[in-house]
Asks: 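Dumping the structure here so I can ask a few things about it.
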Amino acid sequence: NLLALEHGDNEIFNLGWGRQVSDYEIFDGVRKALEVSVEPKHADRRKGEIEHISLDATKARSGLGWEPTIPLEEGLKRATAFYKEKLAEKS
């Protein structure tokens, strides 16, 4: 975000790694990072919901010198740890 603010000239950049990740992969990664045993609850697809997406960071690489370096599993661990800490601070 800071790179985009400093060098982005008000442009929009996708920050992704060019690989599709399913909802279940995210769910399972968060579940593992939180070390909980819960099962997903499935619902019908909502009208207009995107079925497949993969963000391409080519523009961010060339315009900002940015590229993804943190694997998904590690990113989920870091994100869940951050939010657990923030929740604990509120208690």
Side-chain angles (χ1 to χ4, degrees):
N1 288 337
L2 294 176
L3 283 172
L5 286 172
E6 293 172 6
H7 307 287
D9 197 27
N10 228 9
E11 296 177 75
I12 296 171
F13 295 91
N14 284 326
L15 301 180
W17 57 336
R19 176 174 102 58
Q20 289 184 24
V21 179
S22 71
D23 294 344
Y24 183 79
E25 285 179 85
I26 299 297
F27 174 87
D28 194 46
V30 170
R31 174 172 57 182
K32 287 176 181 173
L34 292 174
E35 298 178 336
V36 295
S37 177
V38 295
E39 294 302 316
K41 293 181 181 177
H42 299 279
D44 293 335
R45 185 175 312 274
R46 294 175 290 194
K47 183 179 179 178
E49 189 171 15
I50 296 172
E51 189 167 344
H52 300 284
I53 191 168
S54 176
L55 298 179
D56 178 5
T58 300
K59 183 177 175 184
R61 277 188 198 96
S62 63
L64 304 175
W66 180 90
E67 57 185 290
T69 58
I70 299 171
L72 178 62
E73 184 177 289
E74 178 62 24
L76 292 174
K77 284 180 185 177
R78 290 183 188 190
T80 54
F82 173 84
Y83 287 107
K84 280 175 74 172
E85 182 179 319
K86 291 297 176 192
L87 186 61
E89 288 173 4
K90 289 183 177 184
S91 298

Asks: Taking atom NE2 of H7 and atom CG of L2, what is their separation to the nearest 0.5 Å?
Replies: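 H7 NE2 to L2 CG: 9.5 Å, rounded to 0.5 Å.
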Asks: How long is the span from the CG atom in L5 to the CG atom in N10, to the nearest 0.5 Å?
Replies: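 Taking CG in L5 and CG in N10, the distance rounds to 9.0 Å.
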Asks: Quick check: does any side chain N or O of D56 sit under 3.5 Å from a backbone N or O of T58, one acting as donor and the other as acceptor?
Replies: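 Yes: the side chain of D56 pairs with the backbone of T58.
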Asks: Heavy-atom count check: over 12 atoms from other residues, nucleotides or ligands less than 6.0 Å from E73 CD?
Replies: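 At most 12 heavy atoms, drawn from other residues, nucleotides or ligands, come within 6.0 Å of this atom.
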Asks: Does S22 offer a backbone N or O that forms a donor-acceptor pair with the side chain of E25 under 3.5 Å?
Replies: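 Looks like yes, one N/O pair under 3.5 Å.
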Asks: Determine the minimum heavy-atom distance between A57 and W66, stating which atoms define it.
Replies: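 What the structure gives for the nearest pair is CB-CZ3, 3.7 Å.
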Asks: Which heavy-atom pair separates R19 from S54 by the least distance, and what is that distance?
Replies: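 Residues R19 and S54, closest heavy atoms: N-OG, 3.1 Å.
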Asks: Shortest non-hydrogen contact from N14 to A60?
Replies: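 Of all heavy-atom pairs spanning N14 and A60, the closest is O-CB, 3.9 Å.
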Asks: For A4 and F13, which heavy atoms make the closest approach, and how far apart are they?
Replies: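 Smallest interatomic distance, heavy atoms only, reads CB-CD1, 4.3 Å.
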Asks: What's the separation between atom CG in D44 and atom CD in E49, rounded to the nearest 0.5 Å?
Replies: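 Here the interatomic distance stands at 10.0 Å.
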Asks: To the nearest 0.5 Å, tell me how far S62 OG sits from E67 CD.
Replies: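 Answer rounded to 0.5 Å: 11.5 Å.
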Asks: Nearest heavy-atom pair of P68 and G16: which atoms, and what distance?
Replies: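 Minimum heavy-atom contact is CG-O, 3.6 Å.
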Asks: Would you check if L3 and N1 make a side-chain contact, meaning some heavy-atom pair closer than 4.5 Å?
Replies: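 With C-beta onward as the side chain, the pair stays apart.
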Asks: Going by an N to O cut-off under 4.0 Å, is there a salt bridge joining K59 and E11?
Replies: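 Counted as a salt bridge, because a side-chain N and a carboxylate O are separated by less than 4.0 Å.
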Asks: Quick one: name the residues clustered hydrophobically with V36, using the 4.5 Å side-chain heavy-atom rule over I, L, V, M, F, W, Y, and just say none if it's on its own.
Replies: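 Hydrophobic cluster check, V36: joined to W17, V21, Y24, I26, F27, V30, L34, V38, L72, L76.
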Asks: Show me the donor-acceptor pairs within less than 3.5 Å that the side chains of residues 81-91 make with the rest of the protein, sequence neighbours left out.
Replies:
unit_1: S91; atom_1: OG; unit_2: L87; atom_2: O; d: 3.3

Asks: What pair of heavy atoms forms the shortest contact from R31 to P40, and how long is it?
Replies: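 Closest approach of R31 to P40, heavy atoms only: NH1-CD, 4.3 Å.
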Asks: Could you walk me through whether K77 and K32 pass the side chain to side chain contact (heavy atoms under 4.5 Å, CB included) check?
Replies: CA-CA 8 Å; K77 284 180 185 177; K32 287 176 181 173; over 6 Å; no
